[in-house]
Engineer: 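After the structure tokens below, expect a handful of questions from me.
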Amino acid sequence: MSARRRYWLMKSEPDAFSIDDLQRVGTEPWTGVRNYQARNFMRNGMRTGDGVLFYHSNCTPPGIVGIATVACEAYPDPTQFDRASHYFDPKATQEEPRWFNVDVTFERKLSRIIPLDEIRAHADELGEEFALVKRGSRLSVLPVSAAQWNLLLSLE
DNA sequence: GCCAACGTTGGC
DNA sequence: GCCAACGTTGGC
């Protein structure tokens, strides 16, 4: 019995890591997530092969710029153990890691950016609970339903 | 660069 | 367990 493919949206600041960077490297460990809700989505929800909408945040304009796939199940984020890392967490131990990450593989760039304001214009169809268009939501990893996935990509 | 919204921390 | 202070996110 095979599990159904799930869909996600992952935010990245293009100054730090853009869709072009992902295209260049092919596969990237999605380290540095330090929010429990986002961690739980990666650790408990993501399966190899899941679809990812790659979103550029903190830029002009913010929006969905590409598609990636989840390359493996979550494993302990190595940056939490690295004293030299910005993401070092003194409370994390090898026995009890706090933070997890998946690897993400480039699939394709969209033919154009789907900007946030255009996504917002479809808030009714996307639903109140869609974290991307929820006021004040800062979640950097969030689930996307099949219907939302199809609607968003139909805007391309 | 500003700042609203939100999550986390830690004193009590 | 409350909640003020603080840090971060991310649109603008």
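What's counted below: heavy atoms across the whole structure, side chains too, no hydrogens, waters or symmetry copies.
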Engineer: Whole angstrom is fine here: how far is it from NZ in A:Lys134 over to C1' in C:dG10?
Structural biologist: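 In whole Å, C:dG10 C1' lies 17 Å from A:Lys134 NZ.
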Engineer: Return the value, rounded to whole Å, for the distance between atom CG of A:Leu142 and atom P of C:dT9.
Structural biologist: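 A:Leu142 atom CG is separated from C:dT9 atom P by 15 Å.
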Engineer: A:Lys91 side chain N/O closer than 4.0 Å to the phosphate oxygens (OP1, OP2) of B:dG10?
Structural biologist: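 For B:dG10, OP1/OP2 do have a side-chain N/O of A:Lys91 under 4.0 Å.
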Engineer: For nucleotides 4-6 of chain C, give me every protein contact, N/O to N/O, under 3.5 Å, one pair per line with atom names.
Structural biologist:
none

Engineer: Between P on C:dT9 and CE on A:Met10, what's the gap in Å once rounded to a whole number?
Structural biologist: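 In whole Å, C:dT9 P and A:Met10 CE are 15 Å from each other.
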Engineer: Check this one for me: any side-chain N or O of A:Arg120 less than 4.0 Å away from OP1 or OP2 of C:dC12?
Structural biologist: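 Looking at the OP1 and OP2 atoms of C:dC12, one of them is under 4.0 Å from a side-chain N or O of A:Arg120.
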Engineer: In Å and rounded to the nearest 0.5 Å, what is the CG to OG1 distance from A:Leu116 to A:Thr60?
Structural biologist: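 Reported value, rounded in 0.5 Å steps: 11.5 Å.
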Engineer: Let me know the distance between OH of A:Tyr87 and P of C:dG7, rounded to the nearest Å.
Structural biologist: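 Rounded to the whole Å, the gap is 17 Å.
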Engineer: Can you tell me if A:Glu118 uses its side chain to pair, donor with acceptor, with the backbone of A:Pro115 under 3.5 Å?
Structural biologist: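 It does not hold such a pair.
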Engineer: Give the rounded distance in Å between these two atoms: CZ of A:Arg34 and C1' of C:dT9.
Structural biologist: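 Nearest whole value for this atom pair: 16 Å.
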Engineer: Do A:Arg34 side-chain atoms and A:Tyr87 backbone N/O form a donor-acceptor pair below 3.5 Å?
Structural biologist: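 A pair under 3.5 Å: yes.
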Engineer: If each of A:His86 and A:Ser57 is mapped to the nucleotide of DNA chain C with the nearest heavy atom, which maps nearer the 5' terminus, i.e. the 5' end?
Structural biologist: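 Closest to the 5' end, via its nearest nucleotide, is A:His86.
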Engineer: Is the backbone N or O of A:Asp103 less than 3.5 Å from a side-chain atom of A:Glu28, with the two atoms forming a donor-acceptor pair by type?
Structural biologist: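 No.
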Engineer: With a 4.0 Å cut-off, would you call A:Asp50 and A:Arg5 a salt bridge?
Structural biologist: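 Salt bridge: no.
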Engineer: Return no unless some side-chain N or O of A:Lys11 is found under 4.0 Å from OP1 or OP2 of C:dG10.
Structural biologist: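 Yes, because at least one side-chain N or O of A:Lys11 sits under 4.0 Å from OP1 or OP2 of C:dG10.
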Engineer: Using the closest heavy atom to pick a nucleotide of DNA chain B for each, name whichever of A:Asn58 or A:Arg138 lands nearer the 5' end.
Structural biologist: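 Mapping each residue to its closest nucleotide by heavy atoms, the 5'-most match is A:Asn58.
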Engineer: Taking only Lys NZ, Arg NE, NH1 and NH2, and the carboxylate oxygens of Asp or Glu, determine whether A:Asp20 and A:Lys109 approach each other closer than 4.0 Å.
Structural biologist: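 Salt bridge flag = yes for A:Lys109 with A:Asp20.
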Engineer: Of A:Ser137 and A:Arg98, whose nearest nucleotide on DNA chain B comes first from the 5' end?
Structural biologist: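 Its nucleotide being nearer the 5' end, the pick is A:Ser137.
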Engineer: Please check this pair: side chain of A:Glu73 against backbone of A:Arg47, looking for a donor-acceptor N/O pair closer than 3.5 Å.
Structural biologist: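 No.
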Engineer: Rounding to a whole Å, what distance do you find between A:Glu13:CD and C:dT9:C1'?
Structural biologist: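 In whole Å, C:dT9 C1' lies 8 Å from A:Glu13 CD.
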Engineer: Check whether any side-chain nitrogen or oxygen of A:Tyr55 sits under 4.0 Å from OP1 or OP2 of C:dG11, and answer yes or no.
Structural biologist: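 Looking at the OP1 and OP2 atoms of C:dG11, one of them is under 4.0 Å from a side-chain N or O of A:Tyr55.
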Engineer: Rounding to an integer number of Å, can you tell me how far A:Asp89 CG sits from C:dT8 C1'?
Structural biologist: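 Nearest whole value for this atom pair: 15 Å.
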Engineer: Please report the distance, rounded to the nearest Å, between CD in A:Gln37 and P in B:dG7.
Structural biologist: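 In whole Å, B:dG7 P and A:Gln37 CD are 7 Å from each other.
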